[in-house]
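Below, chains carry the letters A, B, ... as their sequence lines are ordered, and counting in each starts from 1.
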There are 2 protein chains.
Amino acid sequence: MSMTTLWERSRQVAVQAILGTAVRLFAEQGYERTTVAQIAREAGISQRSLFRYFGTKEDLVCGDQEALGELLKRTVEQQPAEMSAWDALRAGFEVILTANHPPERALELSRLIFDTPSLHARYIEKRLRWQAELVPVIRARLSTGPGRPAPDTQARAIVATVFACIDTATELWAGHDGRIDLADLYDQCLATVRDQG
Amino acid sequence: MSMTTLWERSRQVAVQAILGTAVRLFAEQGYERTTVAQIAREAGISQRSLFRYFGTKEDLVCGDQEALGELLKRTVEQQPAEMSAWDALRAGFEVILTANHPPERALELSRLIFDTPSLHARYIEKRLRWQAELVPVIRARLSTGPGRPAPDTQARAIVATVFACIDTATELWAGHDGRIDLADLYDQCLATVRDQG
DNA sequence: GCCTACGTGGCATTAACTGCCAGGAAGGCA
DNA sequence: TGCCTTCCTGGCAGTTAATGCCACGTAGGC
């Protein structure tokens, strides 16, 4: 193994240790009342190094969203070409669900995000970046025709709506303490929106 | 006139002066590169007072969203009872459009918001609060029936989708420098989402 | 045993905020 | 007119997140 791999490994260990400390402290005393200095102290590293691992305090909670965004985009791209935009996005959502944290951890994180305005904002910001990256992917799956809006408009509207439903479903799911299946909630949201009447 | 009114009046003058200075500086040199100290200096007040008028730097850009949220809620409530949830929300959106800033100012603000990730996120977060307030209003307009999702789920999904379309339309509108009608864009977004196929 | 690359900690600094306190202007009242 | 209350304002110090800089240590290649 090259030294790069060794460094990578110890880096992963450090990341997980910091993450565990941070989430524990956030759960114990709340996000706002926990300082970065405290996390660094209890994790046994300097504050300066903590900011090298996680660029911001908010990344301690929603940092691994980046990887999920990449996964989502790749999954949607790889769906069969004849699949509709809606179904391709639905398949991507499904993959993210299974690739996510263990459910009880995900529940804790979701509650933290929805209850903390600054975290919620940061989470939305990351989500917006996924949306922008998905628009060109979705544009390729649109049924064109006269009298339809511009493809860019269609793609943006569809992606934005899907994320709105994901967000709504996640919030409901967290509010019900995870007792209702998240995928079911998503399907209910989308059915409500797409059904006429 | 009581003294409260006098104070209210001079307060409004101060607010408008600060706002003008801030927006000008943001447009000239960007949001991130403009410090609160500079805005206060050019507006002729202390930094401390600026933070009393606007709780945060972000409120300088999307602070008056609060008032619009109230207006939106009242408008939707006052629509005739037989009007569908979608149409009632559409009517509310229409009213906000006419009550908004002069179009050129609104365009400038929209560009600033959509070009600055942190602002965009904060803007959406404020909007999420409107959403929460609209959900009970919308729930009263749902066509109930067996095999349908819970009313709360339906209402949340509809409201979230409408806001997603408003957001998408506004972004497209700002991207086209306001040359395309915002209401038309909104209708196109919603038609794309609601049409089957 | 050097040399380079890279991770780390300490230090100083910036920028957004917040708490505290002193002072000043507006209006009520004797 | 003079006093008192009320509210707004500015200055000052302090906290917290975040960044740049530099010096130190360590792991691997020659």
Side-chain angles (χ1 to χ4, degrees), chain A residues 1-19 21-23 25-26 29-63 112-113 116-123 125-126, chain B residues 1-19 21-23 25-26 29-63 112 116-119 121-123 125-126:
Chain A
M1 296 299 152
S2 68
M3 71 181 183
T4 306
T5 309
L6 176 64
W7 275 329
E8 275 300 315
R9 208 151 31 203
S10 61
R11 180 185 175 85
Q12 280 309 313
V13 171
V15 162
Q16 288 309 317
I18 299 168
L19 227 46
T21 307
V23 173
L25 288 175
F26 289 156
Q29 50 190 0
Y31 177 79
E32 314 273 9
R33 279 185 303 280
T34 305
T35 68
V36 176
Q38 185 185 10
I39 299 171
R41 203 181 326 122
E42 299 214 8
I45 61 169
S46 74
Q47 192 170 337
R48 192 66 191 81
S49 287
L50 196 154
F51 275 115
R52 270 194 276 262
Y53 283 115
F54 304 89
T56 69
K57 182 186 178 187
E58 285 141 351
D59 279 346
L60 286 164
V61 178
C62 39
L112 196 59
I113 290 173
T116 312
S118 76
L119 273 179
H120 201 175
R122 179 63 111 193
Y123 166 77
E125 191 190 327
K126 305 226 165 195
Chain B
M1 297 299 155
S2 70
M3 73 181 182
T4 306
T5 309
L6 177 66
W7 274 331
E8 275 300 314
R9 209 152 31 205
S10 62
R11 180 186 175 86
Q12 279 309 313
V13 171
V15 162
Q16 288 309 316
I18 298 168
L19 227 46
T21 307
V23 173
L25 288 175
F26 289 155
Q29 49 190 345
Y31 178 79
E32 314 272 9
R33 279 184 303 281
T34 304
T35 68
V36 175
Q38 185 186 11
I39 299 171
R41 202 182 325 124
E42 300 214 9
I45 61 167
S46 75
Q47 193 168 338
R48 193 65 190 81
S49 287
L50 196 153
F51 275 115
R52 269 195 276 263
Y53 283 116
F54 304 90
T56 70
K57 183 184 177 187
E58 284 148 349
D59 279 346
L60 285 164
V61 177
C62 39
L112 195 59
T116 312
S118 73
L119 272 180
R122 183 65 77 185
Y123 166 77
E125 195 214 322
K126 297 220 169 203

Problem set entry | Spacing between A/Lys57 atom NZ and D/dT15 atom P, to the nearest angstrom | 16 Å
Exercise. Side chain of A/Arg52: nearest nucleotide among C/dC17, C/dT8, D/dG10?
Worked result: C/dT8
For this session: Quick one: pull up CG in A/Asp59 and OH in A/Tyr53 and give me the separation to the nearest 0.5 Å.
Result: 15.0 Å
For this session: Would you mind reading off the distance between A/Phe54 atom CZ and D/dT19 atom P, rounded to a whole angstrom?
Result: 15 Å
Problem set entry | 5' priority, DNA chain D, between B/Ala14 and A/Thr35 [closest heavy atom] | B/Ala14
Exercise. Between atom CD1 in B/Ile39 and atom C1' in C/dA16, what is the gap in whole Å?
Worked result: 11 Å
Seminar exercise, completed: Of D/dT9, D/dA18, C/dT8, the nucleotide closest to the side chain of A/Gln47 is D/dA18
For this session: Whole angstrom is fine here: how far is it from CZ in B/Phe51 over to C1' in D/dG10?
Result: 14 Å
For this session: From the options D/dT19, D/dG10, C/dT8, select the nucleotide whose nearest atom is closest to the side chain of A/Ser49.
Result: C/dT8
For this session: Decide whether a cation-pi geometry holds between A/Lys57 and A/Tyr31; the criteria are a distance under 6.0 Å from NZ or CZ to the six-membered ring centre and an angle within 45° of the ring axis.
Result: yes
Seminar exercise, completed: Picking from C/dC17, C/dC20, C/dG9, the nucleotide nearest the side-chain atoms of B/Arg48 would be C/dC20
For this session: Could you tell me whether the phosphate oxygens of C/dG7, OP1 or OP2, come under 4.0 Å of any side-chain nitrogen or oxygen in A/Tyr53?
Result: no
Exercise. Of the nucleotides C/dT8, D/dA18, C/dC17, which one has an atom closest to the side chain of A/Thr56?
Worked result: D/dA18
Seminar exercise, completed: Smallest heavy-atom separation, B/Glu58 atom then B/Ser118 atom, equals OE2-O, 4.2 Å
